[in-house]
Each structure stands twice: as structure tokens, then as C-alpha cells.
2 protein chains.
Amino acid sequence: MTETDPSQIKGFNRARERAARALLEDYVEMIADLAAEFGEARITEIAARLGVAHPTATKAVARLKREGLAVSRPYRGVFLTEAGEALAEQVRARHRTVVALLRAVGVPEDLAELDAEGIEHHVSTRTLKAFEAFLASQGGEKG
Amino acid sequence: MTETDPSQIKGFNRARERAARALLEDYVEMIADLAAEFGEARITEIAARLGVAHPTATKAVARLKREGLAVSRPYRGVFLTEAGEALAEQVRARHRTVVALLRAVGVPEDLAELDAEGIEHHVSTRTLKAFEAFLASQGGEKG
DNA sequence: TGCGAAATGTAGCCTTGGCTACAAACTTCG
DNA sequence: CGAAGTTTGTAGCCAAGGCTACATTTCGCA
Ligand SMILES: [Mn+2]
Ligand SMILES: [Mn+2]
Ligand SMILES: [Mn+2]
Ligand SMILES: [Mn+2]
């Protein structure tokens, strides 16, 4: 009896892994936003928009660099590598889809945006596909 | 120009706060499960089901005790306080609703269960209400 | 041009949440 | 009843992600 359910463990482990990646994803997305707006992402601006102190942003960017997602030189802006750009695009698309799904099931826009910031990091690729299919069916039905 | 959007900061801050609570919530839910099944929750069993080493579970339980959610004596089982029970019930209900919503928009059952383990912690009360309303409307429509 | 303000870097601290290794207590059973 | 096995506790390590305080560099402008 009482065999520990492996799929339950899997769920917890996955949630932990995704939580660990969440920060990286938000930084990458933010850097892409700033690059689009100003041509470069400055540490101070990244920190301000994420609501953290600047040394916190510096540490996170160091981690991005270590993982090959960004590059930077001292006292200069931060730039995404190709891998970083690709991740940013994926993250941004997922964010949009999650917000759209929340809206589609009746969550008010402001709240959808707030909750999506956390939810998005736990939505797997296949679940995202399901969201897209659902949205397509809804869109077609009602216009 | 370029005023930092306060609602965006709010979203990131909220996601961070919720991520910090996620672990506590999973422990409380697990302890409630084990209490229902065995009458008490042992450290070894908690650790096994969450997929962590036992000292990790011990530390987390210490935090639960510090926050008034659980009690325990050395070499004995862990028990929830009234506050802990209340949180467990709330967490369990939210978990069910999140899974149901994912299923309702077309996510396969196994995947819904896996993704819900992470998503649930970022669903606010009002968003949960919206999910329930959506599910009720779906259920009524099709039976 | 150069000085003051702003941005960035760096040092060092804290908490959380992982881990391994080992010590101590409890339980089971011969 | 006591030895062996199981469970729990404890010590100590690590990385991530927060922070403040202070040093240094860059930038804007008088
Ligand atoms: Mn996010
Ligand atoms: Mn996002
Ligand atoms: Mn969970
Ligand atoms: Mn859960």
C-alpha cells in the first residue's frame, strides 16, 4: 500500500524547476522590451521596471550572461544574445496567450495582466497549444 | 516620458510574493492529505511525496511552525493548526478549480494536473471566482 | 573643461530552499 | 530485552535572489 505516486512528485518537481526559471524569463522579456524602446537596456531601468534594487538586477544579469542569454560591458547597456532573443520572443508570445485566455474565461483585463505575470511561467508548451486552440474556437464562434 | 508603469511593477512584485508562498501552500496541502489518510503526517512521508530530502522537509515544517500553521514535537508527526487547516482547505479547493478550468479549455487530464501544481499559486481570489463562474456556465450549457 | 549628479560596480549581509553526512532517538522483532 | 533497522534531528555546505552601504565611472552642463 501507500506507494508514493510518481506523477505527483513529478508535478512538484516541475513546479520548482519552472519557478526557478521564472525570474530569468522576466528579465529577458524586460530587456527585449527596453531594447525595442531605447535600443539598449540599462541596469537602472531594468531594476526600476522590475521593482528591485539595482544590485539585484546586476546579479540577475550576471546570471543571464553566465547562461549565454545576454552580453554586456561594464558601465554599458545589456544586450540579448540570439538565444536570449529567441527566449524573449517565446516568453512574450506565451504572456499574450495567457492574458487572452484569462480574458476569454471572464477575468477582467487589469487582473488578467497581474495574474498572468506569475501564471505564464508554469504553462507548458502543450497547455499553451490547448489555450490557442480554445481561443481560436471562441474567436470563430462569436467574432 | 518613459514613466515606469506602476501596475507592471505591481505584477512582478505580486508574482514574487506568490512564488514565496507556493512552497508553504504545497506543504500544508500535503500535510492535510496525509492527516486524512493516516491520522498524522510524518516527516519522511512528506519528504517522499514532495520529492525532497528529509532535512529539506524538516526545515519547511519549522517555517510552518514559526508561521503558526503547524505544530509538532521531536520524533513525532506534524499536525496543522486551525489556521493551517483553513489554508489547506482553501488551497485544495483552488487546486481543484484550476484543474477543472484547464480541462474545460481542452488541456488533457494528466497535463492539467502537472501544470496546475505551479499555476494554482498565482491565481488570485477574484480570478478564481471568474473560473468558477465560467465552469458553471459551461456545465449548465452542456451537462 | 571640469565638477556635480547619476549610473554602475562591488562588498557583504540575510532568508529560503536545496543537498549530504552523520548523530541520536525510536521501533520492531528475534 | 536488546540489536538492527528506520526515522528524525542537526551540522554545514551551496546557489539564488533580496537588501544597504559605499566606491567608482560616466555623463551632462555651467
Ligand atoms: Mn512573469
Ligand atoms: Mn510576462
Ligand atoms: Mn502547487
Ligand atoms: Mn496543489
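FYI, side chains are in, hydrogens and waters are out, and symmetry mates aren't considered; it's all heavy atoms of this structure. Letters A, B, ... are given to chains in the order of the sequence lines, protein chains preceding strands, and every chain is numbered from 1.
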For the side chain of [X], counting heavy atoms from C-beta on, which of [options] is nearest?
X: B:Val52; options: C:dC19, C:dT8, D:dC19; answer: C:dC19
X: B:Leu23; options: C:dT8, C:dG17, D:dT8; answer: C:dG17
X: A:Pro55; options: D:dT10, D:dG9, D:dA21; answer: D:dA21

Step-by-step side-chain contact (heavy atoms from CB on, under 4.5 Å) determination, A:Val28 to A:Val91 | CA-CA 8 Å; A:Val28 163; A:Val91 166; 5.7 Å; no
Between [atom2] of [N] and [atom1] of [X], the distance in whole Å:
X: B:Glu17; N: C:dT15; atom1: CD; atom2: P; result: 18 Å
X: B:Ile43; N: C:dG18; atom1: CD1; atom2: P; result: 13 Å
X: A:Leu24; N: D:dG18; atom1: CG; atom2: C1'; result: 15 Å
X: A:Glu40; N: D:dC27; atom1: CD; atom2: C1'; result: 13 Å
X: A:Lys59; N: D:dA15; atom1: NZ; atom2: P; result: 12 Å
X: B:Ile46; N: D:dT7; atom1: CD1; atom2: P; result: 13 Å
X: A:Arg42; N: D:dT26; atom1: CZ; atom2: P; result: 11 Å
X: A:Asp26; N: D:dA16; atom1: CG; atom2: C1'; result: 15 Å

With a 4.0 Å cut-off, would you call [X] and [Y] a salt bridge?
X: B:Lys65; Y: B:Glu67; answer: no
X: A:Arg14; Y: B:Asp115; answer: yes
X: A:Arg49; Y: A:Asp33; answer: no

The reported gap from CG in B:Leu64 to OG in B:Ser72 (rounded to nearest 0.5 angstrom) is 9.5 Å
Heavy atoms under 4.0 Å, any strand shown: does A:Ala60 hit a base, just sugar-phosphate, or nothing?
-> nothing
Is the shortest side-chain N/O distance from [X] to OP1 or OP2 of [N] below 4.0 Å?
X: B:Thr44; N: D:dT7; result: no
X: A:Arg16; N: C:dG17; result: no
X: A:Thr56; N: D:dG17; result: no

Is there side-chain contact between A:Glu25 and A:Gln90, with heavy atoms separated by less than 4.5 Å?
-> no
For A:His54 and C:dT8, are the ring centres under 5.5 Å apart with planes inclined under 30°?
-> yes
What are the residues of residues 61-79 of chain A, sorted by number, that bring a heavy atom to within less than 4.0 Å of DNA chain D?
-> A:Arg63, A:Arg66, A:Tyr75, A:Arg76
Is there a side-chain contact (heavy atoms from CB on, under 4.5 Å) between B:Lys10 and A:Glu117 once you walk through the steps?
-> CA-CA 10 Å; B:Lys10 193 173 161 195; A:Glu117 203 51 73; over 6 Å; no
